[in-house]
Protein chains: 2
Amino acid sequence: MNQKCNKQVLIPRPALERMPVYYRCLMKAIDEGTPFVSSDELGRSVGVPGVQVRKDLSYLSGYGRPGVGYVARSLASYLEEFLGLINDKEAVLVGVGNLGRALALYPGFARYGLQIIALFDNDLAKVGQIIGGHQILPMERLANLSRRLHIQIGIITVPAPVAQEVAEAMIAGGIKMIWNFAPCRLVVPEDVLVKNEDLAAQLAMLSYHITCRKVGYVR
Amino acid sequence: MNQKCNKQVLIPRPALERMPVYYRCLMKAIDEGTPFVSSDELGRSVGVPGVQVRKDLSYLSGYGRPGVGYVARSLASYLEEFLGLINDKEAVLVGVGNLGRALALYPGFARYGLQIIALFDNDLAKVGQIIGGHQILPMERLANLSRRLHIQIGIITVPAPVAQEVAEAMIAGGIKMIWNFAPCRLVVPEDVLVKNEDLAAQLAMLSYHITCRKVGYVR
DNA sequence: TAGATTGTTAATCGATTAACAATC
DNA sequence: TAGATTGTTAATCGATTAACAATC
């Protein structure tokens with residue numbers, strides 16, 4: 001019975017993180033022509049029990065029918081709107097190494113509304129090259145271009161030692177959300193949100209589990 | 001006062017996830033020649049208060065000195081051993097697209113003990129190419145080679161529709177830990193651990209936060 | 001000794017799960 | 001109506017934080 005935003009605090013973080021997975025499960029059902037999906041089925045896709053799914057979805061609104069399940073189409077499009085997947089999100093990406101190039105070319109992003117509209121690199125040998133239809137621009141232009149185009153997301157795929165510097169240029173360009181793939185923590189003002197995608201830290205976790213021969217799903 | 005493994009259950013998952021970040025913070029201090037690091041400093045690197053750090057580290061052992069802080073060198077090498085970063089971990093990677101290639105060439109992994117020792121792809125045009133010193137092999141050889149070399153980790157960077165099939169070949173090859181970059185959940189036996197690196201799901205979270213203009217650190 | 005900081009027990013907070021009523 | 005499944009309140013479980021003693 002909850003609406004989007006504002007009530008943010010009412011949706012627990014773990015529940016929020018499960019939403020995209022529910023969404024994908026619903027999309028799959030729709031593709032397969034299944035009109036209803038039960039909470040248990042949704043739960044299996046994330047590894048939580050059905051009651052957790054029902055609890056999670058109770059924060060949103062009522063697309064469940066007792067005895068039947070959830071209406072796949074309605075719930076999927078509600079989640080789409082709730083998560084803002086239908087909104088276009090414009091991003092710049094800095095650091096066109098192997099990982100940067102892979103993200104710039106990643107086909108899955110466009111369907112979630114992400115438009116990477118400019119690439120930057122400080123390596124002059126790369127500047128001018130074209131990746132995924134976009135020319136690589138020199139770093140000097142990052143802040144101005146971001147500000148002019150009201151870019152919402154900055155993606156950082158540079159080595160750790162220069163990541164902070166890049167973040168500062170993004171912030172100077174008015175960017176309020178940074179997706180950081182560099183293995184380091186950024187220092188940013190309060191109104192800027194940083195999402196760290198720390199592959200090396202994940203690897204360290206794998207390492208721990210191998211060492212301990214611990215078993216079961218992780219995440 | 002805790003040891004590794006066995007007592008697993010005693011270390012809360014969130015604490016465990018912070019360990020690699022503490023480790024990196026300590027490494028940085030060592031590089032800079034700082035012999036001691038306080039819990040508050042460690043906390044700042046993860047975004048948790050010092051008391052949380054002390055609690056986390058209390059699960060391990062006593063490298064803290066009241067009034068002084070933690071002995072950077074000792075704690076770092078303890079964490080190294082605890083997380084198993086010093087052990088070599090051999091991996092195969094399947095799906096040499098842009099993301100697969102980026103991971104195969106990622107320089108940060110080797111320092112955490114990860115050795116990607118074979119690449120596979122079902123695209124015959126790619127088979128035989130050399131990436132990062134390794135020839136790309138055909139899928140048919142995945143299970144046998146994994147078994148023969150006692151490979152520990154399988155990295156999946158194929159499109160979602162074929163990920164399950166790849167996982168099964170890995171499992172047939174005796175692999176017990178899968179790092180899955182495909183945007184889907186894998187069905188695996190109980191003794192196989194799957195770590196999902198779901199970039200599209202992360203993007204959906206960013207999307208939500210943009211939509212809601214929510215602010216602060218995420219993770 | 002005074003100041004700083006760790007380590008730990010108890011209190012709080014928040015998420016998950018159990019129980020059960022409501023509804024298709 | 002009987003069977004299945006949702007939705008919600010209360011109980012449980014686990015992680016974080018507060019308070020404070022211990023130690024350099």
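Here is the naming used below: chain letters follow the sequence lines, and residue numbers restart at 1 for every chain.
- OP1 and OP2 of D/dC24 both lie 4.0 Å or more from every side-chain N or O belonging to B/Tyr63.
- Within a 6.0 Å sphere centred on CD of B/Glu165, heavy atoms belonging to other residues, nucleotides or ligands number 12 at most.
- Distance B/Gln52 CD to C/dA11 P: 19 Å, rounded to the nearest Å.
- In this structure, A/Arg13 atom CZ and D/dG14 atom C1' are separated by 17 Å, rounded to whole Å.
- Residue whose closest nucleotide on DNA chain C sits further toward the 5' end, between B/Val68 and A/Val48: B/Val68.
- Contact annotation: A/Arg18 side-chain N/O to C/dT16 OP1/OP2 distance is under 4.0 Å.
- Comparing D/dT16, C/dG7, D/dC24 against the side chain of B/Arg65 picks out D/dC24 as the nearest.
- What separates CZ of B/Arg54 from C1' of D/dA19 is a distance of 11 Å, to the nearest Å.
- The listed nucleotides are C/dA15, D/dT17, D/dT6; the one nearest the side chain of A/Ser39 is D/dT6.
- Going from atom CD1 of A/Ile156 over to atom CE of A/Met170 covers 4.5 Å, rounded to the nearest 0.5 Å.
- For the pair A/Asp56 CG and D/dT6 P, the interatomic distance rounds to 13 Å; values are reported in whole Å.
- Base pairing of C/dC20: its partner is D/dG7, meeting the Watson-Crick or G-U wobble criterion (both donor-acceptor distances under 3.5 Å).
- Between the CZ atom of A/Phe36 and the P atom of C/dC24 there is a distance of 12 Å, given to the nearest Å.
- Taking atom CG on B/Leu57 and atom P on C/dT5, their separation rounds to 16 Å, with Å as the unit.
- Following rounding to the nearest Å, B/Asp40 (CG) and C/dT5 (P) show an atom-to-atom distance of 8 Å.
- When ring centroids are compared, B/Phe109 and B/Tyr106 come within the 6.0 Å threshold.
- If you take OH of A/Tyr70 and P of C/dC24, they are 14 Å apart, rounded to a whole angstrom.
- Residue B/Tyr78 forms a ring pair (Phe, Tyr, Trp, His ring centres under 6.0 Å) with just one option from B/Tyr63, B/Tyr23, B/Tyr70, B/Tyr22, and that option is B/Tyr63.
- In terms of position on DNA chain C, the residue among B/Lys55 and B/Gly50 whose nearest nucleotide sits closer to the 5' end is B/Gly50.
- Side-chain proximity of B/Pro66 to the nucleotides C/dT9, C/dT17, D/dA22 is greatest for D/dA22.
- A side-chain N or O of A/Gln52 and one of A/Asp56 form a donor-acceptor pair less than 3.5 Å apart.
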